[in-house]
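Okay, so here's the structure we're looking at.
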Amino acid sequence: MKKTAVFALALISLVACETTLKKERITVNYPTTQKVDTIDTYFGTDVKDPYRWLEDDRSPETEAWVKTQNQTTFGYLEQIPFREELKGRLEKLWNYEKLGSPFKEGDYTYFNKNDGLQNQYVVYRQKGDGEAEVFLDPNTFSEDGTTSLMGLSFSKDGSLAAYAISEGGSDWRKVIVLNAEKKEIVEDTLIDIKFSNISWKGNDGFYYSSYDKPTGSQLSAKTDQHKLYYHKLGNPQSKDELVFGGVPSEKHRYVGGSVTEDDRYLIISASNSTSGNKLFLKDLAHPKGGLITLLDHTDTDSYVIENVGSKLYIVTNMDAPNQKIVTVDAANPAPANWKDFIPETENVLSPNTGGGYFFAEYMVDAISKVLQYNYDGELVREVKLPGVGSANGFGGKKKDKEFYFSFTNYNTPSSSYKYHVTTGDYEQYWKPEIDFNPDAYESTQVFYTSKDGTRVPMIITHKKGLVLNGKNPTILYGYGGFNISLTPSFSIVNAVWMEQGGVYAVPNLRGGGEYGKKWHDAGTKTRKQNVFDDFIAAAEYLIENKYTSAEYLAVRGGSNGGLLVGATMTQRPDLMRVALPAVGVLDMLRYHTFTAGAGWSYDYGTAEESEEMFNYLKGYSPLHNIKEGVAYPATLITTADHDDRVVPAHSFKFAAELQEKQSGTDPALIRIETNAGHGAGTPVSKTIEQYADIFGFTLYNMGYETLPNRAVLKEFKE
């Protein structure tokens with residue numbers, strides 16, 4: 001289905017969506033998208049960008065295009081016969097009480113709770129054995145639930161709280177300060193805060209980070225000069241002290257500050273990309289003193305995790321790709337003086353502290369293992385976890401005698417446990433009551449060989465008794481970037497997929513952090529193709545071992561994972577039936593010109609840095625590798641109009657290009673969520689609707705006219 005006509009921008013219109021449910025597939029006529037004569041020249045090579053105008057998120061023409069695309073897409077989705085049934089099942093399964101792990105601040109124990117279908121979790125608190133009360137209810141922040149709570153930080157004695165909110169899913173935040181006891185706002189709201197934690201200095205004020213407001217669109221314009229500020233309580237934000245950054249000759253895209261638990265030091269991290277950071281320290285007992293440099297380069301990832309007086313404990317991958325903890329005195333903190341405290345091992349370390357101990361969590365083939373150490377670096381015990389999966393938590397204040405951790409895997413809903421730090425004993429604190437039987441499902445970890453011989457792990461989850469006949473609907477989900485690890489965790493939406501007989505497979509691709517810095521670097525810049533090869537090899541493994549076949553395989557990923565899906569579907573369109581790129585980085589020649597995208601250059605490189613890098617990026621950039629005459633898989637692109645992390649223009653341009661050049665009869669649709677962002681804080685109601693559409697689209701295009709657990713397959717008439 002091909003549309004090549006060019007219309008004037010003002011004449012963008014929706015061709016009537018003639019969709020009728022017959023024994024044949026639902027048909028669709030795409031809106032026409034105007035093309036412009038935009039050309040960029042890189043190292044003597046001209047690159048056309050005919051849909052450049054879609055980058056303007058403030059223009060009425062882009063708004064009209066979004067509206068007509070959504071009309072087309074929802075006109076298609078509404079005719080999928082089991083869409084409402086999927087939505088109903090998602091709502092029913094989602095509707096159970098969910099409880100976050102408690103934490104102590106001042107005289108209260110706080111916890112997050114969702115009664116079931118609330119759009120946002122509510123923050124409760126309890127004093128001693130008293131009755132729990134609502135502390136913050138984000139569901140009251142906006143009528144439609146699209147304003148979310150994105151951070152909560154308490155002063156040292158717990159008497160004050162600062163919380164951050166996001167409106168419409170944006171990365172820009174507002175911060176509101178409360179008298180915690182009275183739950184009353186104590187000063188004006190702080191605005192224009194982005195990519196920031198909130199770290200209190202005593203009860204006097206706190207540190208936060210932000211950019212100058214960009215010229216042009218706040219949702220897409222470039223932001224690349226991050227700054228650290230100190231806000232003294234009671235002062236207007238305009239009087240906040242600039243602590244670090246703002247020097248034109250030394251630009252940093254990401255700056256963060258945190259105060260040690262004893263209020264002695266401010267630790268500052270500064271970086272130009274998402275990997276590698278400089279590290280500085282300020283002695284808060286000497287406010288007029290300057291910054292002390294711990295690291296003056298960005299060749300490593302390092303941070304201060306703890307201190308005892310002037311003794312610093314630093315987590316670093318310097319000469320330790322899997323990370324280690326070192327100690328040094330703050331008076332002479334140069335790396336030459338660092339001493340190993342918990343040395344590097346063959347597994348990746350992610351440590352935490354609490355109750356006067358260090359808790360070293362290791363990933364062993366993406367599975368959690370936790371060791372407890374004392375402050376002399378002596379092993380106290382291995383914490384025997386409730387099962388094979390992912391443990392989170394194991395952290396608190398030094399004085400805590402107990403704290404909470406959670407445990408989950410792909411077929412076990414997350415439960416929380418109360419851990420006693422001295423004895424190592426723990427008991428289950430909370431277990432969800434959910435209409436899902438984990439015992440009916442199984443997860444298996446397999447290892448397969450990628451194109452270059454690299455051994456890659458993958459966890460495959462499905463109902464027990466699965467018949468390996470090549471006809472099981474399968475979602476292959478991946479990410480493969482930014483040192484991020486995909487570890488086992490339960491998902492309601494995946495549970496619904498597996499209930500329908502679906503297989504859910506997650507490979508741990510290069511570019512991630514599952515095997516440390518070397519594994520990450522093996523999937524960056526001119527090695528990025530390794531990630532796609534790993535994903536393709538995972539699909540081939542599933543097909544060769546009869547879990548599924550190309551006719552029943554869907555590939556899915558979001559953000560960097562959206563890039564993964566876009567690259568895979570353009571390189572191997574024969575390999576899958578359905579492609580589901582979500583909020584994807586799809587224009588690799590221009591990604592760095594939007595918002596904070598330039599900070600991703602460690603993983604990607606940029607088209608301007610060298611002719612070699614330009615050619616490499618152009619060689620796999622999904623937008624630039626859609627070809628005429630190719631039958632691409634059924635594709636549902638998902639994005640949101642307030643995504644200021646990966647701007648929706650990536651998805652807009654990719655959809656327009658795919659609709660123009662698709663030679664097959666499979667649909668190429670884009671679903672654009674309104675008043676939503678990159679994903680975090682999305683209301684439950686919107687999430688349920690999104691996944692009903694995603695799963696409905698996927699199963700329908702695999703040939704199902706009813707849900708698979710009682711399905712009658714139909715053959716589409718081509």
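Starting from 1, each residue takes its place in the sequence as its number. Both backbone and side-chain heavy atoms feed into the values below; hydrogens, waters and symmetry mates do not.
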Hey, what's the ring geometry for Y76 with F697, parallel, tilted or perpendicular (30° and 60° as the breaks)?
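Rings of Y76 and F697: tilted, 30 to 60°.
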In terms of relative ring orientation, are Y515 and W519 parallel, tilted or perpendicular, with 30° and 60° separating the classes?
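Taking W519 first and then Y515, their aromatic rings stand perpendicular (interplane angle over 60°).
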Once you round to the nearest 0.5 Å, how far does CE of M588 lie from CH2 of W600?
9.0 Å
For the atom pair CZ (R671) and OG1 (T72), what is the distance rounded to the nearest 0.5 Å?
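It is 14.0 Å, given to the nearest 0.5 Å.
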Tell me every residue that passes ring-ring contact (aromatic ring centres under 6.0 Å, His included) with [X], counting only those two or more places apart in sequence or in another chain.
X    : value
Y211 : H226
H520 : Y602
Y121 : none
F447 : none

Under the side-chain hydrogen bond (donor to acceptor under 3.5 Å, both in side chains) rule, collect the residues that match up with [X], sequence neighbours excluded.
X    : answer
R572 : E540, D574
Q225 : none
R58  : none
H462 : none

Which pairs count as salt bridge (charged side-chain N to carboxylate O under 4.0 Å, His left out) when at least one residue sits in residues 645-658, sequence neighbours excluded?
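Salt bridge (charged side-chain N to carboxylate O under 4.0 Å, His left out) check on residues 645-658 returns D49-K653, E55-K653, D171-R645, D587-K653, E657-K661.
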Table please: side-chain donor-acceptor pairs of residues 611-619 below 3.5 Å, with sequence neighbours left out.
from: N615; atom 1: ND2; to: E611; atom 2: O; distance (Å): 3.2
from: Y616; atom 1: OH; to: T526; atom 2: O; distance (Å): 3.0
from: Y616; atom 1: OH; to: K528; atom 2: N; distance (Å): 3.3
from: Y616; atom 1: OH; to: Q529; atom 2: N; distance (Å): 3.0

Identify, with sequence neighbours excluded, every residue that meets side chain to side chain contact (heavy atoms under 4.5 Å, CB included) alongside K222.
D224, A598
Residues in side chain to side chain contact (heavy atoms under 4.5 Å, CB included) contact with T548, at least two apart in sequence or another chain:
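If we apply the side chain to side chain contact (heavy atoms under 4.5 Å, CB included) test to T548, skipping adjacent residues, the hits are T474, L542, I543, Y552, L553.
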Do T298 and N277 have side-chain atoms, one donor and one acceptor, less than 3.5 Å apart?
no
Side chains of Y254 and N272 only: does a donor on one sit below 3.5 Å from an acceptor on the other?
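Distance-only check fails for Y254 and N272.
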Less than 4.5 Å apart, side chain to side chain, heavy atoms only: is that true for F535 and L575?
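No - every pair of side-chain heavy atoms lies 4.5 Å or more apart.
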Under 3.5 Å, is there a donor-acceptor pair between the side chain of Q662 and the main chain of P667?
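Side chain of Q662 to backbone of P667: no pair is present.
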For atom NZ of K627, decide whether the heavy atoms of other residues, nucleotides or ligands shown that lie under 6.0 angstrom number more than 12.
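Correct, the count exceeds 12.
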Can you confirm if the aromatic rings of W497 and Y504 lie within a centre distance of less than 6.0 Å?
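No, the ring of Y504 stays outside the 6.0 Å limit from the ring of W497, centre to centre.
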Can you tell which of D452, D533, T524 makes a side chain to side chain donor-acceptor pair (under 3.5 Å) with R510?
D452
